[in-house]
Amino acid sequence: MNDLPLWAAAPAAVLLVIAGVVTLVGSLALVRLPDFFTRIHGPAMGNTVGTGSVLIASMLVSSAIASRPVLHELLITLFIVMSSPVTAMLLMQAARYRNKVKGRD
Amino acid sequence: MNEAFTYAVWFAQTCFVLAMMCATFRLLRGPAAQDRVLALDTLYINGMLTLLMLGIRSGSQAYFDMAMLIALFGFAGSVALAKFLLRGEVIEP
Amino acid sequence: MEIVLALAIGVLTASGVWLLLRPRTFQVIMGLVLLSYAVNLFIFCMGRLEIDRPPILLGPDALDPRMYADPVPQALVLTAIVISFATTALFLVVLLAARGLTGTDHVDGREPEE
Amino acid sequence: MRPIPIVLTAVLVAIWLLLNNTLAIEHIVLGTVLSVLLALGARQLRPLEPKLRRIYLIPWFVAMVLVDILRSNIGVGRIVLGLVRDREVRSGFIVVPLDMRDPHGLSMLAAVVTATPGTAWAGLSPDGSELTLHILDVKDESEWIRMIKTRYERPLMRIFE
Amino acid sequence: MTALLRHLPVIPILVPLVVGAVELLLPEARRGLRVALPVASVLAQIAAALMLLYLTTDSMPDMWTEGVGVYSIGSWVAPFGIVLVVDRLAALMVTLTSLVALPALVYSLANWDRVGPGFHSMFQFLLMGLNGAFLTGDLFNLFVFFEVLLAASYGLMLHGSGPARVKAGLHYISVNLTASFLFLIGVAMIYGMTGTLNMADLAQRLTLLDADDRALFEAGAAILGVAFLVKAGVWPLSFWLPSAYSAASAPVAAIFAIMTKVGVYAVLRVGTLLASGDQQISFIDVGLFYGGAATITYGVIGMLAAQQLGRLVAYSVIASSGLLLMALGLQNEALTAPVLFYLVSSALAASAFFMLNGMTDRTRMIQMAASADVAPLPDVTYMGFGVKEPADPLSSEDEVGVAIPAAMAFLGLAFVSCVLLVAGLPPLSGFIGKFAMLYAVVQSAAEGALGWHDWALIAAVLVVGFAAVIALTRIGLRLFWSVTGRTTPRLRVIEAGPVGFLILLCLGLTVGAGPVMTYLDSAARSLHAPDVYIRVVHTAAALEAAP
Amino acid sequence: MALILIVALPFLGSLCAAFLPSNARNAESWLSGVVAVVCTTLALSLYPQVVDGGVVRYSVEWAPLLGLEFSLRMDGYAWMFALLVSLMGALVVLYARYYMSPEDPVPRFFSFLLAFMGAMLGVVLSGNLIQLVVFWELTSLTSFMLIAYWYHRADARRGARMAMTMTVAGGLCLLGGVVLLGDIVGSYDLDAVLAAGDAIREHANYSVLVTLILLGALTKSAQFPFHFWLPHAMAAPTPVSAYLHSATMVKAGVFLLARLWPVLHGTEQWFWIVCGAGLASLLLGGFAAMFQRDMKGVLAYSTVSHLGLITLLLGMNSQLALVAAVFHMMNHATFKASLFMAAGIVDHETGTRDLRRLSGLAHAMPITATVALVAAAAMAGVPLLNGFLSKEMFFAETIFAGEGALFSVGLPAAATLAGMFSVAYSLRFIHQVFFGPLARDLPRAPHEPTRGMVLPSVLLVVACLLVGILPADTIGPYLHTAVYSILGADTPQYSLQVWHGWTLPLAMSLLALTGGGVIYYLLWRVTGAASRSPVRAPVDGRRAFDIVMVAIIRMCDRLVRLISSRRLQVQLLLIVIVSFAAAFVPLLGAGWQQGGQPLNELNPLFAALWVIGAVCALGAANQAKFHRLAALIMVGGAGLVTCLTFAWFSAPDLALTQIAVEVVTTVLLLLGLRWMPRRLDLGELRRRTLKARVRRVRDLLIAGVVGAGVASLAFAVLTRPAVEVLSAFYVERALTAADGRNVVNVILVDFRSFDTFGEITVLSVVAVTVYALLRRFRPAPESRLTPRAQREDAAREALESGDGLPSGFLRVPAAITRMLLPMAGLVSLYFLFRGHNAPGGGFVGGLVMSAAIIVQYMTSGVLWVESRLRIHPQYWIALGLLGAAAAGVLAWLAGRSFLTSLEWHGRLPLVGELHLSSVLLFDLGVYMAVVGSTVLMLIAIAHQSLRRPRRTLPTEEPEASIAPVSQDVEAVR
Ligand code: NA
Ligand code: NA
């Protein structure tokens, strides 16, 4: 890590700072926003920009260390993009259903 | 520059852990089950990011696998939980 | 770091033991899960704590054991994880069967009289 | 006997190579063998296979979505941090009439909606004609519906149907 | 043949594993094969065990040095790899296991095996676990085999389901899971302080520890000891045992008779190895003595209070376990051989007794239709599993088998034999075991000056016998000789045979007490002089590649 | 050889007898008779060898390490008893042939009778004391069988149990005593023991051993205070009583006393115990005998009394007394057996033995009456009969027993009193049964029995007469032989004569005769008293026995509840406490707390992580009762932090596995939650009882203390330097010798693959168990309905909307997850293949694959998935295990040991260098077993939703049914 070239270190550092801020803000939504339906929007920030930035930073750093392109972080992106809608959809559906039942009872 | 990078890593990691704490707050607080599930899901993603940071910090590829596993299957638990909330059982006939 | 991990093990153990001593089967199974975390971490501790030294050999010329974390407790924990997983599954099914056959989720198969 | 699903196999091979982070010949061979086997094995569970038509549209679409994601990240972040003081943030459900029926297109739409902070997929009517979304900051309901249909649904229909 | 001989130590583990796995593959319709394979497996294990027994008598010195066989799994020598170590004690326990397994298995074929799926697999896996636990020379591997045998025992315990079994099974599993955690903590601490897992190596490295580290090591060993004692059924850790053993189906209880002995074995094995050298872990012995005494008290009281034969026998298992531990706690090396004799005899006796109990109240077995108000799973899901829902084995075919005349006479005689065995009365082997203990206590006291510990053990031996007689005659008269509601059960050769086999085995132990005691004596000697064991384990080389 | 035959023949005969058909009364009798006669003949044939102190020995090595050898030893005394046992056996067999009814299952009877005979012969002929105990207990056992012969009778069962309990307890005491005795002598060999009298008497353990041995002997001989079992043993068939309770078994006790007399006698303790028991039995037995209603009861108490007489003699520490004792053993055997037979004949012919109902039988059965008369006279000590002779010797001994008024007056007086009792009950026995008018209302009309039945008692009476009239010519030499073998050179001078002149003993005899007559006259003629004892014994032995037994059982029943618990919580609490205490003991006083290893610098982020973990764990602990789902989620949080910890401290494999297991466990528990009806939070509303609160506080404290304890243990180890033994080896060899970079994986699949082998077996066994248990699953009644959400959503009915995808909300998730399946499969294979060099391996790979499959079930439903996919998880398990085993056995082909890794290097076109290793096969086995097991478990639970109630259940909301479910369960049963 000590001999990380500048071309990798500089953008990676910036990306990491962005990722940290965005993710924290996204998770803050869980604390600050008033109800479930609004809160669910927060983590999406971490899922997208937060994860994406870290992954790019990781790719930069790995490639720099391995002295060849290391791209497998792309897979993480792929899997998150594919899997997070499933969770979110079902969770929203569940919340709506449970709110409905609660209102009816 | 490397020092700045180190600080960035440290900063990001701190942010992720703080984010995890936010998620934990919701996890404990609820009030509804779906809030907790959402919090757990967030906790998983933030945990994955923390892992990636460990990977960047150490320069080891080993952490990538863990992160990938969370990305690929962290959702299975959340889906199961959501499905349970929604349908009363995880696997229907 | 050591003190944090020791405290963590302590908290997990205490929560696990507390749940283990509760009367409802679900509490017991949660206690078993928490205890398994505690025990796994405990075994893991026996290799002492190393940061950034995963026991993945860097090359044929880097075979100094001091460069790597102790792999043995890790292997033991792996086995232990699998076994706890299996037994948790078993316990779950038994508690379900007990719930169905006895009509209660009390660990003794009947509600206490008091 | 249906033919080997080429696209899926290709994607799988790519994934394999990415996983191993290599382009070595033995990995290409092994990856191909495994991918074909898996694609065939999973076929029973995938009676409906996606048929991609205008693949060239995909990069453009992805770029557009990325921009949207970045924008909405900022928007949501401001709301979370309480920086939007000038007006009251109103969140709520909107119903979008859908023309697209292809499940894979819908999946992509779901991914996009989910990935974009500020919008959340809240349900699809049983006949698939109506999509309910939850919007964090509903300024103008019809503007949202228009955006979803033109920016996302139409390109996706062109790719998948 | 010599090749097979070279791999002999692993055979008792491998054969049941393979057969257990193959059983999973066989369709339910292939009843013949499904039955023949396990029987063949057990017979093979008996043969292997006897061969091991023979080899440990130092009869082939060019193969095994000093009668201790070491088999390095994966060709990694001790302490780095896992080694199987066959000394006399291990060979004895493996033989005992197979000899208890055969009758239990044959007995189970009287449809006991068909009240639920997977019986034969689990039975074989249980044997694998038992044999592995007896043969392994590695502490963590011991844990793994403990888990194998426990997992199988959970399955067997619950075999047939029903409220009683499930309730008892829940307790059994909870307690054993907790004990497994203790086992892990103990092993972990031992590793943490010594850096090794091989038991022989451990014994050597102990001497290198300073006092503080030694204290930590002993704490680990003590926790490990508690885990063993839970298995051995020591008071106050054995309240689960009577319910579990009496609720299990008869052939299962019969094989469970060996389970408490595993705990005793572990105490003996680990205890003697760790206590080698000058430093004795004396508080463990003190604990064993008092724990054993308390266990005897508990067992005796339980026997006297028991209203059902099954529970009574279970309590007798506890009492005998207590006697073994109390004797071991005396720290009298002369007692070890008698303890082993008694261990063997009581295992055989309890096994026979549990099977007998199963024959006397078979009606209780057929209560599984309790779940009849819920439909079985539809066919489609079974097809998903690749099985067909079998016909309920309890309904029609229950009464197959040859009925032999004089059922009551046989049952009565078998009962009396079991009473003799449990109470330690002549002429069966229980008597020899108890006498041998008394003999050893008295003989080893200098000038016959017995300490109060010795007197306590003598009293315990006699009191256990007496209590067993009181309790068993009470229940026996009610079971076999009361007129009211007496229906002569149909006796089947397949059930009676195993019981008779075990009783004859016990008779054989009495008659052959001479050679048996000679063997056990040398087993005990080598246990108390573990240098040979340690040396052989350390010097054993891996098998050379064949030319 | 003859010796071994004497003991072995009865046992062989017993075995044969057991297998004869149940109606073969004659064959049984012949068999038994021949055995008895042969034994008698053999015994007789050995007489020349035992006369004048000769000893016949036969021994076989048995267990030399235990000092045991099978050894038979016949000297004069043993010869006498052997003859008595076998001869009496022959007579009893003859008698029994006619006594037993054709309906009785005779094989059992004769089989046990012969076994008893063998055991008794074993007792008297044992040359090894332990072996004697063996046969001793065998007599107890066979006598139990014989007493309980008519087991349908409650009195038989009770009598048998009492006899068994007492004699077995005595036998155990005897064993203890004999063991101590043998220790002093250094051998259990009788010869050696008999030669070591002084050493024994002087030894510190003498008093213990003599007490134990006497307990054995006195219980066997039914001596006070253990006498009470004998009268109840009269429930046995009369031949049994005649044999066991007159001639043989009860004699075993006094036999042993005389046998060991040379080495044990001569001490105060011996004198007081033996004489005390003997005297008490003599008087009490005689007194009680006078008031019995049952003929056999009279005889039983009379036996107690006469054995008391013998015991008293043996306690006197005088050689002459020993002679008298031995003599009386013989005499008592003859007349008492004859009387028992007579009583049996009366019972057999009239159907009753009640003295009050019987009367005047002499008219109907004169021969029997004569025989009984003579025998009873012998019992009473009438001159010219054998009983007279030994009783005279007894009287003589009492006079010289000791000094002081107590002995010189008291003992003779007591003896005379006992003599009077004896006369009185003998008189009553004869007079009330055989004299007076012939009783009319008897169950059967009395008449003389068949000759065969009377013959044995006639023979015995003849013996009584012969010995009584011509003692010196008949019994004299044999008695001498017997006595000489015990006393050797110390044998005193004595004379066996009917007439010694007018001596004090004769006066006592006459006094006893007249006194007895008077007592009888007063009690029954004048007062006409009922046959209840006018003086109740202060302690009724039988009642005491019953009370003690019941008390023991009641007490134990209470105790067992006190010292144990069937409650799981208590058990787990005890385990926790015991293990904590066990770990605590060695740490006391040791400086174990902190070692010298420098610590890692504290990272606040890590601490923050564990704040999260701890909060989750504590939250789960708090919520698990009423908010299961919340607890489950919190446990998931703690699991995640655990996983991160593994990652943090350089354990990627662990983190990987932990995360995979975590996910699968969550799904599993959720699957289970469906079958756990909701728990309503009523407990929070109800005020907790004080007891419950105390319990909670206690548990809280214990949990805290244990947690602190484990934490400090962990800390103590962490602060000490690591001991690198195994790890160094593994790190050095993993790459060079095992061809893998990931040391953890190399350990798992190569160095310690045997652990992994066991581990997958555990997983497989559990899966099979889960499956088996769920096959007979019966859901809780409240959970049987389809969950509410599904019932309300009718759209679910049309699962497939034509294109194979579900309609509605699962449509898109199903599409996505189906796309994910092959990718997940690829990832799982990736983990499988690369494990040797990087984190991963078969286990993680398998879990990933199973999770992928489970997700399909979640989004598409069981029926749809299984209609398209045959999974056969059991086959996966089996093949996985077999594959792993095959990988192990492969090494055999190369002559290496099990699980040795084999490498195969080759070249393939296009691919290039190819390394195949048996390790990969092993890991593949692991993979398959894991996939099979996990899928089997998960799916087996999921399948339960396919069960539907057969009965129509109430259709109310499952959530709302708070009614106690137990009633419903009862109804279901
Ligand atoms: Na979104
Ligand atoms: Na009368």
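Naming convention: chains lettered A, B, ... in sequence-line order (proteins, then strands); numbering from 1 in each chain. On a predicted model such as this, the values are computed, not experimentally measured, just so you know.
Phe757(F) has its ring centre no less than 6.0 Å from the ring centre of Phe145(E).
Ranked by non-hydrogen atom pairs under 4.5 Å with chain E, the options Glu759(F), Arg566(F), Glu61(F) are led by Arg566(F). Taking chain E as the reference chain and counting heavy-atom pairs below 4.5 Å, the highest number among Leu572(F), Leu881(F), Leu726(F) is found for Leu726(F). Ranking Ala885(F), Ser579(F), Gly758(F) against chain E, the residue ahead of the rest is Ser579(F), based on heavy-atom pairs under 4.5 Å. Put simply, of Asp557(F), Leu568(F), Val762(F), Leu68(F), the one with the most heavy-atom pairs under 4.5 Å next to chain E is Leu568(F). Chain E forms the most heavy-atom pairs under 4.5 Å with one residue out of Pro64(F), Gly67(F), Ala154(F), Ser753(F), and that residue is Gly67(F). Your options are Gly465(E), Ser174(E), Gly225(E), and the one with the most heavy-atom pairs under 4.5 Å with chain F is Ser174(E). Of the listed residues (Thr473(E), Leu24(E), Val226(E), Ile82(E)), the one with the most heavy-atom contacts under 4.5 Å to chain F is Ile82(E). The residue among Arg205(E), Met122(E), Glu147(E) with the most heavy atom pairs within less than 4.5 Å of chain F is Arg205(E). By number of non-hydrogen pairs under 4.5 angstrom with chain F, the leading residue of Ile470(E), Leu126(E), Thr178(E) is Ile470(E). Contacts with chain E were tallied for Ser564(F), Gly888(F), Ala878(F), Ala160(F); Ser564(F) has the most, counting heavy-atom pairs under 4.5 Å.
Of all heavy-atom pairs spanning Leu574(F) and Pro236(E), the tightest one is CD1-O, 3.7 Å. In terms of heavy atoms, Gly192(E) sits closest to Val723(F) at O-CG2, 4.3 Å. The shortest heavy-atom contact between Trp76(E) and Ala737(F) is CH2-CB, 3.8 Å. Counting all heavy atoms, side chain and backbone alike, Trp235(E) lies closest to Ile563(F) at NE1-O, 2.8 Å. Pairing each heavy atom of Thr769(F) with each of Ala151(E), the nearest pair is OG1-O, 4.2 Å. Closest approach of Ala222(E) to Ala582(F), counting heavy atoms only: CB-O, 3.2 Å.
Looking at heavy atoms from C-beta onward, Phe754(F) lies out of side-chain contact with Val144(E) at the 4.5 angstrom threshold. A 4.5 Å side-chain heavy-atom check between Tyr730(F) and Phe80(E) finds at least one atom pair inside the cut-off. Taking the side chain as every heavy atom from C-beta outward, Ile575(F) and Leu182(E) approach each other to under 4.5 Å. Side-chain atoms of Val765(F) and Tyr154(E), non-hydrogen and from C-beta on, never get closer than 4.5 Å to each other. Residues Ile223(E) and Leu713(F) form a side-chain contact, since some pair of their non-hydrogen atoms from C-beta on lies under 4.5 Å apart. Side-chain contact between Trp62(F) and Ile432(E) is present, with heavy atoms from C-beta onward closer than 4.5 Å. The closest side-chain heavy-atom distance from Ile73(E) to Ser897(F) is not below 4.5 Å. Using a 4.5 Å heavy-atom threshold, the side chains of Leu25(E) and Gln874(F) count as separate.
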Would you please test Arg752(F) and Leu197(E) for side chain to side chain contact (heavy atoms under 4.5 Å, CB included) and show each step? CA-CA 11 Å; Arg752(F) 296 182 63 89; Leu197(E) 289 167; 3.7 Å; yes
Could you go step by step and tell me if Leu420(E) and Glu137(F) meet the side chain to side chain contact (heavy atoms under 4.5 Å, CB included) rule? CA-CA 10 Å; Leu420(E) 296 181; Glu137(F) 295 285 34; over 6 Å; no
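Contact annotation for Val770(F): neither backbone nor side-chain heavy atoms come within less than 4.5 Å of a heavy atom of chain E. Of the atoms belonging to Ala18(F), not a single heavy atom falls under 4.5 Å from chain E. For Leu425(E), the part sitting under 4.5 Å from any heavy atom of chain F is the side chain, from C-beta outward, and nothing else. Interface remark: Ala204(F) contributes no atoms to any contact with chain E (heavy atom separation under 4.5 Å). Heavy atoms of Val865(F) lying under 4.5 Å from chain E are absent altogether. If you measure heavy-atom distances from Met549(F) to chain E, the contacts under 4.5 Å come from the side chain alone. Contacts between Val179(F) and chain E at a heavy-atom distance below 4.5 Å involve backbone atoms as well as side-chain atoms. Only the side chain of Leu141(F) comes within less than 4.5 Å of a heavy atom of chain E; its backbone N, CA, C and O stay farther away.
Partners of Arg474(E) by salt bridge (charged side-chain N to carboxylate O under 4.0 Å, His left out), not counting sequence neighbours: none found. For Tyr188(F), there are no side-chain hydrogen bond (donor to acceptor under 3.5 Å, both in side chains) partners two or more places apart in sequence or in a different chain.
Ring planes of His7(E) and Trp892(F): parallel class, angle under 30° (limits at 30 and 60°).
A side-chain donor-acceptor contact under 3.5 Å links Tyr71(E) to the backbone of Phe898(F). Although no hydrogens or angles enter the test, the distance criterion places no donor-acceptor pair under 3.5 Å between the side chain of Gln571(F) and the main chain of Ser238(E). For Arg6(E) (side chain) and Gly895(F) (main-chain N/O), a donor-acceptor pair under 3.5 Å exists by modelled atom type. Panel note: side chain Tyr439(E), backbone Asp183(F); no donor-acceptor pair is recorded below 3.5 Å.
Between the CG atom in Leu304(E) and the CD1 atom in Ile553(F) there is a gap of 6.5 Å [rounded to 0.5 Å]. Rounding to the nearest 0.5 Å places OG of Ser72(E) at 12.0 Å from CG of Leu899(F).
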